[in-house]
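Working notes, beginning with the structure itself.
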Amino acid sequence: MRFRLFLLLSIMEFLVGCAGTFKYYDPNIPHRGKTGFLNNYDNTPKPSVLKWYWQRWTTTFPKEDPAGAPIIPVNLENIRNPRGLTITWLGHSAMLVQMQGMNVLTDPALSERVSPVSWAGPQRYGTLPLELKDLPPIDVVVISHSHYDHMDVESLKKIQDMNGERTRFLVPLGNKEFLQAEGLRQVEEFDWWQDAKVGELQFVFTPAQHWTARGLFDRNETLWGGWMIQGSAQQVYFAGDTGYSKDFQDIYQRLGAVDVALIPIGAYSPRWFMQLAHIDTDEAVKIHQDLHAKLSLPIHWGTFKLSDELMTEPPEKLRESLQKANLPLTVFPVLKRGETVTVDNVSRKNGK
Ligand code: ZN
Ligand code: ZN
């Protein structure tokens, strides 16, 4: 049975390599390649997922983890009357960012599973730290890329149902048509460095090192990246999913120092497979430093099992990485799911 599945996946992997001309190809724009979007700095071919699955099946298949990140119920008072920049972790990469009267959600994958099907695929550890009806009215949803643990169509539809035309969905280039066909109305798509003003805030789509696919034949047909959310005095950076690259120095050069950076710390193991697309905690700390972030908050851990490290390992590794870099743990504190952080209103030093 396993062998037959392996054979089927092998044939599919071969077929993926045989795609036609890419619709966004532009010889003058380096990241719009002939067969799909490209990274700025490292386009080493992705290692074979089959090799990883084979290794898991035959040798290192990890035991089930007992628990994900701790959960506390969201203190609704904090998010109903936010005082200053207020950020609440809803699990995985979903953060509620409240800034200047605006409510922004990052990659709200709030379903039970993050998968093309409802009966299989990574399942949420524990519960959501709040009921969806308790979210404040959402003005903007930013999406980093199309992977199921980041762009969860069911969650997006629920957010639209609750808020109607109020919610705008800002998504990477290549996703608009698909999301509109799914019934989302206010969708705008962005190439790297394109921006949009929504109410009081400016949103800039920034490069990252990653890849995309939702099916077997659409690898890198939609773009990936992060978002800088700029207010009048502060800016919050949401990294999405990324490997380490010079992109973060570029982001600092163009957009200035970051007040709060939301940086992934999980899904890094095994390194030989994950390194190109997912940072480890040493690299998360390097990104914190590259961005000259005053504060970073960890995301992308403790919620869905996507990789081989234990679900509870990333915070321990983060502590070690901060100690190695001679940084206090308070610059990159580990949150519980449901926890809210309020940041003092301090002006940006190097912002535009
Ligand atoms: Zn991803
Ligand atoms: Zn992810």
Side-chain angles (χ1 to χ4, degrees), residues 16 31 36-40 42-47 49 52 65 68-69 89-95 105-116 121-125 141-156 171-175 178-179 192 205-216 218-227 237-245 247-248 261-271 273-281 283-284 287 297-309 311 313-314 318 337:
V16 168
H31 68 275
F37 288 111
L38 294 165
N39 285 302
N40 277 331
D42 193 343
N43 287 294
T44 310
K46 200 172 160 295
V49 73
W52 178 35
D65 286 322
W89 190 34
L90 303 180
H92 205 52
S93 303
M95 284 281 199
L105 272 180
T106 65
D107 285 356
L110 306 175
S111 299
E112 272 303 290
R113 284 192 196 272
V114 284
S115 152
Q123 189 168 13
R124 176 177 302 276
Y125 274 57
V141 172
V142 290
I143 297 290
S144 64
H145 66 300
S146 66
H147 282 150
Y148 288 91
D149 59 315
H150 297 264
M151 193 169 88
D152 173 40
V153 174
E154 289 312 306
S155 297
L156 303 182
V171 305
L173 191 57
N175 288 299
F178 165 73
L179 290 173
W192 287 339
F205 190 50
T206 55
Q209 183 183 293
H210 202 58
W211 64 287
T212 57
R214 282 177 82 82
L216 296 165
D218 62 344
R219 185 177 291 181
N220 295 347
E221 287 183 8
T222 64
L223 191 54
W224 51 89
W227 289 93
Y237 169 72
F238 168 60
D241 244 358
T242 190
Y244 184 74
S245 66
D247 288 304
F248 307 98
L262 314 177
I263 301 176
I265 64 163
Y268 47 72
S269 181
R271 289 315 284 149
F273 180 74
M274 292 294 181
Q275 188 165 19
L276 284 170
H278 288 161
I279 50 175
D280 62 16
T281 56
E283 291 164 331
I287 290 175
L297 300 174
I299 53 171
H300 207 261
W301 77 277
T303 311
F304 300 107
K305 176 92 179 158
L306 305 170
S307 50
D308 285 356
E309 83 270 6
M311 295 276 274
E313 188 187 83
L318 177 62
R337 284 182 277 176

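Here the structure is a predicted model, which means the values were calculated and not measured. We count ligands from 1, going down the list as the structure has it; atoms in each ligand are counted the same way.
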*Is a side-chain N or O of Arg214 found less than 3.5 angstrom from the main chain of Met151, in a donor-acceptor match?*
yes
_Set of ring-ring contact (aromatic ring centres under 6.0 Å, His included) partners for Phe37, sequence neighbours left out_ = Phe22, Tyr24
*Does the ring centre of Trp211 sit less than 6.0 Å away from the ring centre of His147?*
yes
*Determine, using ring centers only, whether Tyr237 and Trp227 are less than 6.0 Å apart.*
no
*Would you please classify the geometry between the His278 ring and the His210 ring as parallel, tilted or perpendicular, with 30° and 60° separating the classes?*
parallel
_To check your reading of the site, what angle at the Zn ion (ligand 1) do NE2 of His210 and NE2 of His145 form, to 10°?_
100°
*Keeping waters out of it, list the protein N, O or S atoms under 2.8 Å from the Zn ion (ligand 2).*
Asp149 OD2, His150 NE2, Asp241 OD2, His300 NE2
*Of Thr106, Thr222, Leu156, Leu179, which meets side chain to side chain contact (heavy atoms under 4.5 Å, CB included) against Ile143?*
Leu156
